[in-house]
Amino acid sequence: ILKLPTAAEVNEVGADLITSLVQTKPNAVLGLATGSTPVGIYQELIRAYQRGLVSFKQVKAFNLDEYIGLPATHSQSYAYFMKEQLFNHIDIDPEQTNIPNGTAADPHEEGKRYDALLESVGNIDLQILGIGHNGHIGFNEPSPALVSGTHVVELAEQTREANARFFEDKSQVPTHALTMGVGSILKAKTILLVAKGADKANIVHRALTGPITTECPASLLQTHPHLIVLL
Ligand code: F6R
(Lines give C-alpha, C1' and ligand atoms only; values in the text may rest on other atoms or scores of the structure.)
Protein backbone atom coordinates (compact mmCIF):
# COMPACT_ATOMS: atom_id res chain seq x y z
CA ILE A 1 0.00 0.00 0.00
CA LEU A 2 1.52 3.22 -1.15
CA LYS A 3 0.10 6.46 0.22
CA LEU A 4 1.29 9.39 -1.85
CA PRO A 5 0.68 13.06 -1.11
CA THR A 6 -0.61 14.08 -4.53
CA ALA A 7 -2.66 12.67 -7.40
CA ALA A 8 0.22 13.59 -9.73
CA GLU A 9 2.52 11.19 -7.85
CA VAL A 10 -0.13 8.45 -7.97
CA ASN A 11 -0.31 8.94 -11.73
CA GLU A 12 3.48 8.78 -12.12
CA VAL A 13 3.94 5.70 -9.97
CA GLY A 14 0.97 3.96 -11.61
CA ALA A 15 2.27 4.71 -15.10
CA ASP A 16 5.82 3.63 -14.12
CA LEU A 17 4.52 0.24 -13.00
CA ILE A 18 2.78 -0.25 -16.33
CA THR A 19 5.66 1.00 -18.50
CA SER A 20 8.16 -1.21 -16.60
CA LEU A 21 5.92 -4.21 -17.21
CA VAL A 22 5.57 -3.45 -20.93
CA GLN A 23 9.31 -2.76 -21.28
CA THR A 24 10.14 -6.20 -19.85
CA LYS A 25 7.16 -7.95 -21.45
CA PRO A 26 6.22 -6.15 -24.68
CA ASN A 27 3.27 -8.48 -25.32
CA ALA A 28 1.81 -7.98 -21.83
CA VAL A 29 -1.94 -8.32 -21.32
CA LEU A 30 -3.28 -5.22 -19.57
CA GLY A 31 -6.63 -5.05 -17.80
CA LEU A 32 -7.91 -1.48 -18.04
CA ALA A 33 -10.51 0.60 -16.25
CA THR A 34 -12.46 3.73 -17.11
CA GLY A 35 -13.87 6.41 -14.80
CA SER A 36 -11.95 9.43 -13.59
CA THR A 37 -9.34 7.58 -11.51
CA PRO A 38 -7.07 6.17 -14.25
CA VAL A 39 -7.18 9.20 -16.57
CA GLY A 40 -4.02 10.78 -15.12
CA ILE A 41 -2.20 7.45 -15.35
CA TYR A 42 -3.22 7.17 -19.01
CA GLN A 43 -1.89 10.70 -19.61
CA GLU A 44 1.47 9.66 -18.15
CA LEU A 45 1.48 6.54 -20.35
CA ILE A 46 0.87 8.71 -23.42
CA ARG A 47 3.75 10.95 -22.35
CA ALA A 48 6.05 7.93 -21.89
CA TYR A 49 5.08 6.69 -25.36
CA GLN A 50 5.67 10.12 -26.91
CA ARG A 51 9.10 10.26 -25.30
CA GLY A 52 9.95 6.91 -26.88
CA LEU A 53 10.24 5.12 -23.55
CA VAL A 54 7.66 2.45 -24.31
CA SER A 55 5.77 0.88 -27.20
CA PHE A 56 2.36 -0.75 -26.88
CA LYS A 57 2.50 -2.38 -30.34
CA GLN A 58 2.27 -5.91 -29.01
CA VAL A 59 0.15 -5.21 -25.93
CA LYS A 60 -3.30 -6.74 -25.60
CA ALA A 61 -5.86 -4.77 -23.60
CA PHE A 62 -9.05 -5.91 -21.94
CA ASN A 63 -11.42 -3.43 -20.36
CA LEU A 64 -13.47 -4.24 -17.31
CA ASP A 65 -16.90 -3.10 -18.35
CA GLU A 66 -19.27 -1.34 -20.72
CA TYR A 67 -22.76 0.15 -20.46
CA ILE A 68 -25.51 -1.88 -22.08
CA GLY A 69 -27.24 0.05 -24.84
CA LEU A 70 -24.47 2.50 -25.68
CA PRO A 71 -22.78 1.94 -29.06
CA ALA A 72 -19.00 2.41 -29.26
CA THR A 73 -19.64 5.73 -31.05
CA HIS A 74 -21.58 7.19 -28.07
CA SER A 75 -19.46 9.78 -26.28
CA GLN A 76 -20.20 8.19 -22.87
CA SER A 77 -19.52 4.61 -23.91
CA TYR A 78 -16.39 3.15 -22.39
CA ALA A 79 -15.21 2.11 -25.86
CA TYR A 80 -15.27 5.79 -26.85
CA PHE A 81 -13.66 6.84 -23.54
CA MET A 82 -10.74 4.46 -24.02
CA LYS A 83 -10.05 5.75 -27.54
CA GLU A 84 -10.19 9.36 -26.40
CA GLN A 85 -8.20 8.91 -23.21
CA LEU A 86 -5.57 6.40 -24.35
CA PHE A 87 -5.80 4.23 -27.45
CA ASN A 88 -5.85 7.05 -30.04
CA HIS A 89 -2.64 8.47 -28.58
CA ILE A 90 -0.42 5.37 -28.39
CA ASP A 91 0.68 2.71 -30.87
CA ILE A 92 -1.52 -0.11 -29.56
CA ASP A 93 -3.12 -2.22 -32.33
CA PRO A 94 -6.87 -1.41 -32.22
CA GLU A 95 -7.50 -5.09 -33.03
CA GLN A 96 -5.88 -5.95 -29.70
CA THR A 97 -8.13 -3.69 -27.63
CA ASN A 98 -11.13 -5.46 -26.16
CA ILE A 99 -14.21 -4.11 -24.41
CA PRO A 100 -17.48 -5.95 -23.86
CA ASN A 101 -19.93 -5.00 -26.63
CA GLY A 102 -22.75 -3.02 -25.01
CA THR A 103 -24.99 -3.38 -28.06
CA ALA A 104 -24.61 -7.13 -28.55
CA ALA A 105 -27.99 -8.69 -29.47
CA ASP A 106 -27.58 -11.13 -26.57
CA PRO A 107 -25.55 -9.57 -23.72
CA HIS A 108 -25.37 -12.92 -21.89
CA GLU A 109 -23.75 -14.53 -24.92
CA GLU A 110 -21.48 -11.50 -25.18
CA GLY A 111 -20.28 -12.18 -21.63
CA LYS A 112 -19.41 -15.73 -22.59
CA ARG A 113 -17.62 -14.57 -25.74
CA TYR A 114 -15.59 -12.08 -23.68
CA ASP A 115 -14.58 -14.74 -21.14
CA ALA A 116 -13.52 -17.11 -23.92
CA LEU A 117 -11.41 -14.35 -25.43
CA LEU A 118 -9.81 -13.62 -22.05
CA GLU A 119 -9.15 -17.31 -21.58
CA SER A 120 -7.49 -17.52 -25.00
CA VAL A 121 -4.81 -14.97 -24.09
CA GLY A 122 -4.05 -16.51 -20.69
CA ASN A 123 -4.11 -14.36 -17.61
CA ILE A 124 -4.10 -10.61 -17.43
CA ASP A 125 -0.62 -9.51 -16.34
CA LEU A 126 -1.74 -6.31 -14.67
CA GLN A 127 -5.28 -5.21 -13.90
CA ILE A 128 -5.93 -1.55 -13.07
CA LEU A 129 -8.92 -0.97 -10.82
CA GLY A 130 -10.71 2.05 -9.45
CA ILE A 131 -13.18 1.63 -6.61
CA GLY A 132 -16.78 2.84 -6.32
CA HIS A 133 -17.98 4.61 -3.18
CA ASN A 134 -20.03 1.48 -2.44
CA GLY A 135 -17.01 -0.81 -2.85
CA HIS A 136 -17.73 -1.93 -6.40
CA ILE A 137 -14.90 -3.05 -8.65
CA GLY A 138 -15.66 -3.11 -12.33
CA PHE A 139 -19.44 -2.95 -12.10
CA ASN A 140 -19.63 -5.73 -9.51
CA GLU A 141 -22.04 -4.03 -7.16
CA PRO A 142 -22.51 -4.98 -3.47
CA SER A 143 -24.84 -7.94 -3.32
CA PRO A 144 -25.50 -11.13 -1.30
CA ALA A 145 -23.72 -13.10 -4.04
CA LEU A 146 -21.28 -12.29 -6.82
CA VAL A 147 -20.73 -13.77 -10.27
CA SER A 148 -17.32 -15.02 -11.35
CA GLY A 149 -17.26 -14.37 -15.10
CA THR A 150 -18.35 -11.53 -17.38
CA HIS A 151 -22.05 -10.93 -16.87
CA VAL A 152 -24.93 -8.46 -17.02
CA VAL A 153 -25.48 -6.30 -13.95
CA GLU A 154 -28.11 -3.82 -12.90
CA LEU A 155 -26.27 -0.70 -11.80
CA ALA A 156 -26.78 0.45 -8.21
CA GLU A 157 -28.65 3.74 -7.83
CA GLN A 158 -25.54 5.16 -6.12
CA THR A 159 -23.45 4.23 -9.16
CA ARG A 160 -25.92 5.81 -11.58
CA GLU A 161 -25.95 8.96 -9.43
CA ALA A 162 -22.13 9.05 -9.28
CA ASN A 163 -21.87 8.61 -13.05
CA ALA A 164 -24.63 11.10 -13.88
CA ARG A 165 -21.93 13.79 -13.92
CA PHE A 166 -20.83 12.49 -17.32
CA PHE A 167 -24.36 12.60 -18.79
CA GLU A 168 -26.94 15.36 -19.25
CA ASP A 169 -28.85 14.00 -16.26
CA LYS A 170 -29.30 10.78 -14.31
CA SER A 171 -32.12 9.54 -16.54
CA GLN A 172 -29.60 9.26 -19.38
CA VAL A 173 -27.32 6.90 -17.41
CA PRO A 174 -27.88 3.32 -18.60
CA THR A 175 -29.46 1.01 -16.04
CA HIS A 176 -27.40 -2.07 -16.93
CA ALA A 177 -23.85 -2.91 -17.82
CA LEU A 178 -21.65 -5.81 -18.80
CA THR A 179 -18.79 -6.33 -16.40
CA MET A 180 -15.94 -8.73 -15.89
CA GLY A 181 -16.71 -10.75 -12.76
CA VAL A 182 -14.67 -10.84 -9.59
CA GLY A 183 -13.37 -14.28 -10.61
CA SER A 184 -11.88 -12.88 -13.82
CA ILE A 185 -10.48 -9.88 -11.95
CA LEU A 186 -8.83 -12.02 -9.26
CA LYS A 187 -7.15 -14.16 -11.94
CA ALA A 188 -4.94 -11.22 -12.92
CA LYS A 189 -1.30 -11.81 -11.94
CA THR A 190 -1.01 -8.34 -10.42
CA ILE A 191 -3.79 -5.98 -9.42
CA LEU A 192 -3.24 -2.26 -9.16
CA LEU A 193 -6.02 -0.65 -7.14
CA VAL A 194 -6.00 3.12 -7.37
CA ALA A 195 -8.06 5.55 -5.27
CA LYS A 196 -7.76 9.31 -5.10
CA GLY A 197 -9.40 11.87 -2.86
CA ALA A 198 -10.73 12.00 0.69
CA ASP A 199 -14.18 10.86 -0.45
CA LYS A 200 -12.72 7.39 -1.18
CA ALA A 201 -10.94 7.04 2.20
CA ASN A 202 -13.78 5.28 4.04
CA ILE A 203 -14.46 2.71 1.39
CA VAL A 204 -10.76 1.97 0.86
CA HIS A 205 -10.40 1.41 4.61
CA ARG A 206 -13.41 -0.90 4.63
CA ALA A 207 -12.22 -2.81 1.56
CA LEU A 208 -8.68 -3.38 2.83
CA THR A 209 -9.22 -3.85 6.55
CA GLY A 210 -12.86 -4.85 6.93
CA PRO A 211 -14.40 -8.30 6.60
CA ILE A 212 -14.20 -10.03 3.22
CA THR A 213 -17.76 -9.86 1.99
CA THR A 214 -19.67 -9.71 -1.29
CA GLU A 215 -21.41 -6.65 0.21
CA CYS A 216 -18.09 -4.88 -0.41
CA PRO A 217 -16.76 -6.50 -3.60
CA ALA A 218 -13.39 -4.73 -3.30
CA SER A 219 -12.82 -6.57 0.01
CA LEU A 220 -12.23 -9.74 -2.05
CA LEU A 221 -9.00 -8.12 -3.20
CA GLN A 222 -7.61 -8.94 0.26
CA THR A 223 -7.35 -12.54 -0.96
CA HIS A 224 -5.13 -11.63 -3.92
CA PRO A 225 -1.46 -12.58 -3.54
CA HIS A 226 -0.14 -9.59 -5.48
CA LEU A 227 -2.20 -6.48 -4.85
CA ILE A 228 -0.67 -3.04 -5.12
CA VAL A 229 -2.73 -0.17 -3.73
CA LEU A 230 -1.94 3.39 -4.77
CA LEU A 231 -3.63 6.07 -2.68
C1 F6R B 1 -14.64 1.71 -14.45
C2 F6R B 1 -15.04 0.89 -13.33
C3 F6R B 1 -15.52 1.44 -12.03
C4 F6R B 1 -14.75 2.68 -11.54
C5 F6R B 1 -15.33 3.20 -10.24
C6 F6R B 1 -14.65 4.45 -9.77
O7 F6R B 1 -14.25 0.89 -15.55
O8 F6R B 1 -15.02 -0.28 -13.51
O9 F6R B 1 -15.43 0.43 -11.07
O10 F6R B 1 -13.41 2.35 -11.39
O11 F6R B 1 -16.70 3.46 -10.41
O12 F6R B 1 -14.95 5.50 -10.66
P13 F6R B 1 -14.15 6.88 -10.60
O14 F6R B 1 -12.74 6.55 -11.00
O15 F6R B 1 -14.81 7.72 -11.65
O16 F6R B 1 -14.26 7.38 -9.21
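Numbering of ligands and ligand atoms starts at 1, following listing order. Keep in mind the model is a prediction, meaning the values are calculated, not measured. Quick note: numbers below take in every heavy atom, side chains included, and nothing from hydrogens, waters or symmetry partners.
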_Please determine whether the number of non-hydrogen atoms from other residues, nucleotides or ligands lying under 6.0 Å from atom CG of Asn88 exceeds 12._
yes
*Parallel under 30°, tilted from 30 to 60°, perpendicular over 60°: which one fits the rings of Phe139 and Tyr78?*
parallel
_Between Asp169 (side chain only) and Ser171 (backbone N and O only), is there a donor and an acceptor less than 3.5 Å apart?_
yes
*Between Lys200 (side chain) and Ile131 (backbone), is there a donor-acceptor pair under 3.5 Å?*
yes
*Using heavy atoms and a cut-off under 4.0 Å, could you grab the residues that are in contact with ligand 1, chain by chain, numbers ascending?*
Ala33, Thr34, Gly35, Ser36, Thr37, Leu64, Asp65, Gly130, Ile131, Gly132, His136, Gly138, Arg165, Lys200
*For residues 18-31, pull every pair meeting side chain to side chain donor-acceptor pair (under 3.5 Å), keeping only residues two or more places apart or in separate chains.*
Lys25-Asp125
*asked:* With side-chain contact (heavy atoms from CB on, under 4.5 Å) as the test, pick out the partner of Val13 among Ile41, Ile228, Leu230, Val194.
replied: Leu230
